[in-house]
Amino acid sequence: MPIRLSSLFLRTLREDPADAEVESHKLLLRAGYIRRAAAGIYTWLPLGLAVKAKIEKIVREEMAAAGAQEVFFPALLPRDAYEVTGRWTEYGDNLFRLQDRRKNDYLLAPTHEEMFTLLVKDLYSSYKDLPVCLYQIQNKYRDEARARGGLLRGREFVMKDAYSFDIDDAGLEKSYQAQRDAYERIFQRLGVEYVIVKADAGAMGGSASEEFLSPSPIGEDTFVRSPGGYAANVEAVKTPAPEARSIEGLPAAEVRDTPNSSTIASLVEAAGITAADTLKNVVLALVSPEGKRSLVMVGIPGDREVDTKRAEAAFSPNEVEAATEEDFKKYPELVKGYIGPKADGFVGIKYFVDPRVITGTSWVTGANVEGKHVFNFVYGRDFEADGIKDIAEVRAGDPSPDGSGPLELARGIEIGHVFQLGRKYAEALDLKVLDENGKLITVTMGSYGIGITRLVAVLAEANHDEKGLIWPEAVSPADVYIVAAGKEEENYAAAERIAYEFEAEGKTVILDDRPKVSPGVKFGDAELIGVPYVIICGRGIANNEVDFWDRRSGERRTVPLNLVSLQL
RNA sequence: CGGGAUGUGGCGCAAUUUGGUAGCGCACCUGUUUUGGGAACAGGGGGCUGCAGGUUCAAAUCCUGUCAUCCCGACCA
């Protein structure tokens with residue numbers, strides 16, 4: 001049966017809703033795909049549901065092809081499982097918590113690692129059962145501090161999450177590759193542009209991790225790529241260290257007066273050097289998961305700022321904050337504005353340096369005395385560090401870690417994430433199986449996510465013009481959109497006939513059979529709703545002709561009625 | 001959580017400065033005419049102005065509190 005606009009639950013809007021900012025959000029609301037129920041929570045209308053179902057269908061087909069089996073967990077979970085892994089507390093304010101009538105704690109699941117792990121533990125106990133890969137397509141709940149962009153970052157959203165279970169690392173590698181390949185096929189079939197970037201795996205304690213980003217100026221993730229094909233999330237970029245140089249013959253370190261030069265800018269101005277010649281020593285406060293606060297100092301080239309995300313990744317699982325006045329008070333040795341590395345170090349403060357600070361490099365840096373800096377301060381001769389921390393900002397033009405050329409910075413929307421979790425959850429939840437020698441071994445896991453509802457937004461974002469949406473064929477709510485225009489009965493009859501012909505061929509049809517609606521309104525709605533092919537049954541019907549519109553190219557042509565079905 | 005802004009029929013907005021009891025466009029309903037680019041005319045339905053207090057003869061408007069929403073930032077397995 002064609003979807004009839006005369007009875008479809010739909011109301012299109014002529015004006016942009018005031019609280020929508022990004023195009024996909026505006027258009028999905030205007031074209032009647034979704035309605036806002038609360039901040040970051042959306043109701044799906046028939047058209048929206050059709051698009052979502054198309055995406056899910058493709059995902060299911062490719063998951064099956066990759067050997068994954070579908071299950072379905074509750075979204076409402078008891079506290080227990082999350083207590084074992086510590087996430088009941090660790091997840092913080094982002095977790096939706098609630099109680100039942102007996103005051104037992106529950107949560108709305110933000111993710112399901114625990115449940116999958118426990119399910120496999122529940123049913124399997126032999127290496128012969130593995131590998132196995134399970135997935136679900138499910139609502140997730142995260143009480144985001146700030147939902148944004150409509151479907152782009154919601155507090156309730158649909159995610160496909162898959163988990164692989166293997167007995168060893170080689171198996172995990174294979175399972176990971178199978179999912180990664182499936183993701184490539186899924187995104188290709190959906191017609192969505194994507195870049196696979198290396199991601200930082202630190203926080204989750206696993207090893208390999210890659211994100212699928214869809215490049216977009218409204219993306220929340222910044223990534224880098226090189227002409228030679230390197231791509232990584234900024235958090236994961238490893239700054240290449242230059243070759244160590246000889247210390248021989250370098251001028252001796254020299255403390256000079258540099259009054260009123262407590263900032264890099266004023267120092268550069270006063271000393272006639274460049275910011276890149278200076279070593280900026282940033283004091284950071286680390287807050288451990290247990291809430292303990294400690295200070296560290298990191299020396300980075302003076303022309304760069306600290307990238308908070310990179311710092312968080314480098315010091316994970318600690319949280320990183322700027323040191324406060326109170327922190328400084330506890331360490332009177334630190335002379336603000338003139339802080340520098342000390343041969344014997346500061347008591348209680350670890351000192352790290354940027355990877356670019358290597359043996360033989362010479363710096364201008366603080367002398368730990370008000371109004372003085374030390375020049376020709378050479379790493380490996382005059383000072384050392386406790387280690388390397390790569391927390392400085394990455395800039396366009398920086399060399400790629402693999403030597404494949406200068407990096408370019410771009411924004412992207414995360415649409416998928418594949419991740420070798422390893423044994424973190426299996427260990428925490430005691431998921432073990434017997435191996436062929438009858439010995440218990442811990443299972444190793446992979447985790448693979450695709451943001452289904454986010455994909456609706458990403459596809460809308462990438463496929464629209466000023467008139468409305470233009471869906472890729474694979475996800476369009478229908479294959480063809482037929483408009484009965486004009487008032488003549490035969491136009492409506494012809495539209496009906498064509499609709500049933502397409503349906504008979506297995507195509508899905510939206511039929512605008514609304515009586516007494518002017519052609520302009522119908523054309524406008526057709527363009528707004530965005531089915532890629534539109535057929536107009538109007539004044540041409542008298543000559544057995546219809547108009548065929550290609551929504552994407554804008555091409556319009558008149559075709560004989562009997563050849564209509566050949567157009568698709 | 002910090003900064004900014006906004007809450008008025010389904011949607012977009014006005015009236016708030018200067019208190020006087022809510023209006024316009026779209027959408028919706030009825031009728032007539034109209035039908036290839038968001039028709040015309042006539043008639044009509046729908047709003048405790050986010051909520052709670054307060055001031056006042058009188059509050060959408062002033063005051064206090066509170067809640068919510070949006071944007072920027074922080075945060076975001």
Side-chain angles (χ1 to χ4, degrees), chain A residues 10-22 25-26 29-30 32 35-41 82 85-87 90-95 109-114 116 140-150 152-155 157 159 161 163 199-206 209 211 218 220-221 235 308-309 311-313 316-317 319-322 414 417-419 421 424-425 445 447-449 451 454 467-468 483-489 491-492 512 514-528 534 536-542 545-547 549 556 558:
Chain A
L10 173 77
R11 186 108 303 147
T12 57
L13 306 175
R14 285 206 190 171
E15 283 167 297
D16 286 334
D19 55 7
E21 199 67 22
V22 304
H25 189 198
K26 288 182 193 170
L29 282 167
R30 280 189 53 208
R35 298 294 299 163
R36 195 187 73 96
I41 302 176
Y82 275 64
T85 50
R87 291 213 285 187
E90 213 174 87
Y91 227 98
D93 289 338
N94 268 20
L95 193 62
T111 170
H112 280 84
E113 279 87 359
E114 284 85 351
F116 275 92
K140 303 291 186 206
Y141 297 85
R142 294 182 195 174
D143 192 2
E144 296 282 351
R146 187 176 157 216
R148 88 181 85 193
L152 279 174
R153 175 169 295 277
R155 296 195 297 165
F157 57 97
M159 182 156 119
D161 52 328
Y163 299 86
D200 174 64
M204 290 288 292
S209 171
E211 286 174 5
I218 60 161
E220 297 182 275
D221 292 291
E235 288 101 297
T308 324
K309 285 187 176 181
E312 293 271 356
S316 169
E319 288 192 22
V320 179
E321 295 173 11
E414 183 182 351
H417 196 164
V418 290
F419 200 144
L421 269 182
K424 175 176 171 170
Y425 287 93
M445 295 167 56
S447 139
Y448 318 95
R454 179 178 281 178
K467 289 176 174 169
V483 175
K487 60 181 172 185
E488 292 75 18
E489 263 312 307
N491 296 357
Y492 285 77
D512 191 348
R514 290 174 294 181
K516 297 186 180 183
V517 172
S518 73
V521 170
K522 290 185 174 182
F523 298 161
D525 280 343
E527 283 156 336
L528 181 59
V534 180
I536 313 293
C537 298
R539 60 191 173 197
I541 290 298
E545 286 173 348
V546 297
D547 289 341
W549 294 1
R556 293 173 179 198
T558 302

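Note that these values count all heavy atoms, side chains included, but never hydrogens, waters or copies made by symmetry. What you are looking at is a predicted structure, and each value in this text was computed from that prediction instead of being measured.
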**OP:** Return yes if some donor-acceptor pair links the side-chain N/O of A:Lys522 with the main-chain N/O of A:Ile536 below 3.5 Å, else return no.
**Re:** no
Tabulate protein N/O versus nucleotide N/O from nucleotides 12-16 of chain B, keeping only pairs under 3.5 Å, one per line.
{"residue": "B:rG12", "atom": "OP1", "partner": "A:Ala18", "partner atom": "N", "Å": "2.8"}
{"residue": "B:rG12", "atom": "O2'", "partner": "A:Glu15", "partner atom": "OE2", "Å": "3.2"}

inquiry  = Looking at A:Lys424 and A:Glu113, is there a salt bridge between them, counting it only when a charged N and a carboxylate O are closer than 4.0 Å?
reply    = no
Its dot-bracket string being built from Watson-Crick and G-U pairs below 3.5 Å, with | for another strand and [ ] for crossing, RNA chain B has the pattern (((((((..((((......[..)))).((((((.....)))))).....(((((..]....))))))))))))....
- prompt: On a whole-Å scale, what distance lies between the P atoms belonging to B:rC63 and B:rA5?
  reply: 15 Å
| task | Indicate, with a heavy-atom threshold strictly under 4.0 Å, whether A:Ala109 touches base, sugar-phosphate, or nothing. | result | nothing
What one should report as the nearest heavy-atom pair of A:Lys26 and A:Glu21 is CE-O, 3.4 Å
Exercise for the section: Could you work out the separation of B:rU35 and B:rG19 based on their C1' atoms and round it to a whole Å? Expected result: 50 Å
Rounded to whole Å, CD of A:Glu144 lies from P of B:rC76 at a distance of 10 Å
Donor-acceptor pair present, A:Arg153 side chain and B:rC76 base, under 3.5 Å:
yes
Integer angstrom distance from the C1' of B:rG47 to that of B:rA27:
16 Å
note: A:Asp512, atom CG; B:rU35, atom P; distance rounded to Å ~ 18 Å
Picking from B:rG36, B:rG37, B:rC26, the nucleotide nearest the side-chain atoms of A:Arg539 would be B:rG36
Assign A:Glu321 to base, sugar-phosphate, or nothing according to its heavy-atom contacts below 4.0 angstrom with the strands shown.
nothing
A:Glu21 atom CD is separated from B:rG73 atom P, nearest whole Å, by 12 Å
From the candidates B:rG38, B:rC70, B:rC76, the one with an atom nearest any side-chain atom of A:Lys309 is B:rC76
(Q) Rounding to an integer number of angstrom, what distance separates B:rU6 and B:rG50 when you compare their C1' atoms? (A) 11 Å
For A:Arg30 and A:Asp16, the nearest pair of non-hydrogen atoms, with its separation, is CD-OD1, 2.9 Å
RNA chain B nearest-nucleotide lookup for A:Val320 and A:Ile536: closer to the 5′ end is A:Ile536
Taking B:rU17 as the reference, what is the distance to B:rA59 when you measure between their C1' atoms (whole Å, please)? 15 Å
Separation of B:rA27 atom C1' from A:Leu10 atom CG, nearest Å, is 12 Å
Next item on the list: Would you mind classifying the nucleic acid contact of A:Gly32 as base, sugar-phosphate or nothing, using non-hydrogen atoms under 4.0 angstrom?
Entry: nothing
ring-ring contact (aromatic ring centres under 6.0 Å, His included) filter on A:Tyr141, not counting sequence neighbours, yields none
Quiz item: Has the side chain of A:Arg556 got a donor or acceptor that lies under 3.5 Å from a partner of the other kind on the base of B:rG37?
Solution: yes
Report yes if a side-chain nitrogen or oxygen of A:Ser518 is closer than 4.0 Å to either non-bridging phosphate oxygen (OP1 or OP2) of B:rA39; otherwise report no. yes
Q. NA contact type, A:Arg36, heavy-atom cut-off 4.0 Å: base, sugar-phosphate, or nothing?
A. sugar-phosphate
ask   = For A:Thr12, which contact category applies under a 4.0 Å heavy-atom criterion: base, sugar-phosphate, or nothing?
value = nothing
Identify whether any heavy atom of A:Lys467 sits under 4.0 Å from a base atom; if not, whether one sits that close to sugar-phosphate; answer base, sugar-phosphate or nothing.
-> nothing
Between CD of A:Glu488 and C1' of B:rU35 the distance, given in whole Å, is 8 Å
A:Asn94 meets the side-chain contact (heavy atoms from CB on, under 4.5 Å) criterion, sequence neighbours left out, with A:Tyr91, A:Glu144
Sorted by chain and residue number, the side-chain contact (heavy atoms from CB on, under 4.5 Å) partners of A:Glu414 (sequence neighbours excluded) come out as A:Glu211, A:Leu213, A:Asp221, A:His417, A:Arg454
**Asked** When the P atoms of B:rA14 and B:rG54 are considered, how many whole Å apart are they?
**Response** 30 Å
Span that lies between the P atom of B:rG73 and that of B:rC28, in whole angstrom = 39 Å
Which of B:rC11, B:rC1, B:rC70 is nearest the side chain of A:Ala145? It is B:rC1
Of A:Gly520 and A:Tyr91, the one whose closest nucleotide on RNA chain B sits nearer the 5' end is A:Gly520
From CG of A:Asp93 across to C1' of B:rG2 the rounded distance in Å is 15 Å
note: A:Arg514, atom CZ; B:rA39, atom P; distance rounded to Å ~ 12 Å
Checking B:rU35, B:rA27, B:rU69 against the side chain of A:Arg14 (C-beta onward), the nearest is B:rA27
(message) Can a donor-acceptor pair be found, under 3.5 Å and without considering hydrogens, that links the side chain of A:Tyr492 to the backbone of A:Cys537?
(response) no
Rounded to whole Å, CD1 of A:Ile41 lies from P of B:rA68 at a distance of 12 Å
Between B:rC67 and B:rA52, how far apart are the two C1' atoms, rounded to whole Å? 10 Å
Smallest heavy-atom separation, A:Arg35 atom then A:Leu13 atom, equals NH1-CD1, 3.9 Å
Is the closest side-chain heavy-atom distance between A:Tyr425 and A:Phe116 below 4.5 Å?
no
Closest to the side chain of A:Pro519, out of B:rC71, B:rG36, B:rA74, is B:rG36
Of the listed B:rG36, B:rG38, B:rG73, the closest approach to the A:Arg148 side chain comes from B:rG73
Between A:Ala311 and A:Val320, the two heavy atoms sitting closest are O-CG2, 3.7 Å
Residues at least two apart in sequence or cross-chain that pass side-chain contact (heavy atoms from CB on, under 4.5 Å) with A:Glu488, listed by chain then number, are A:Glu490, A:Asn491
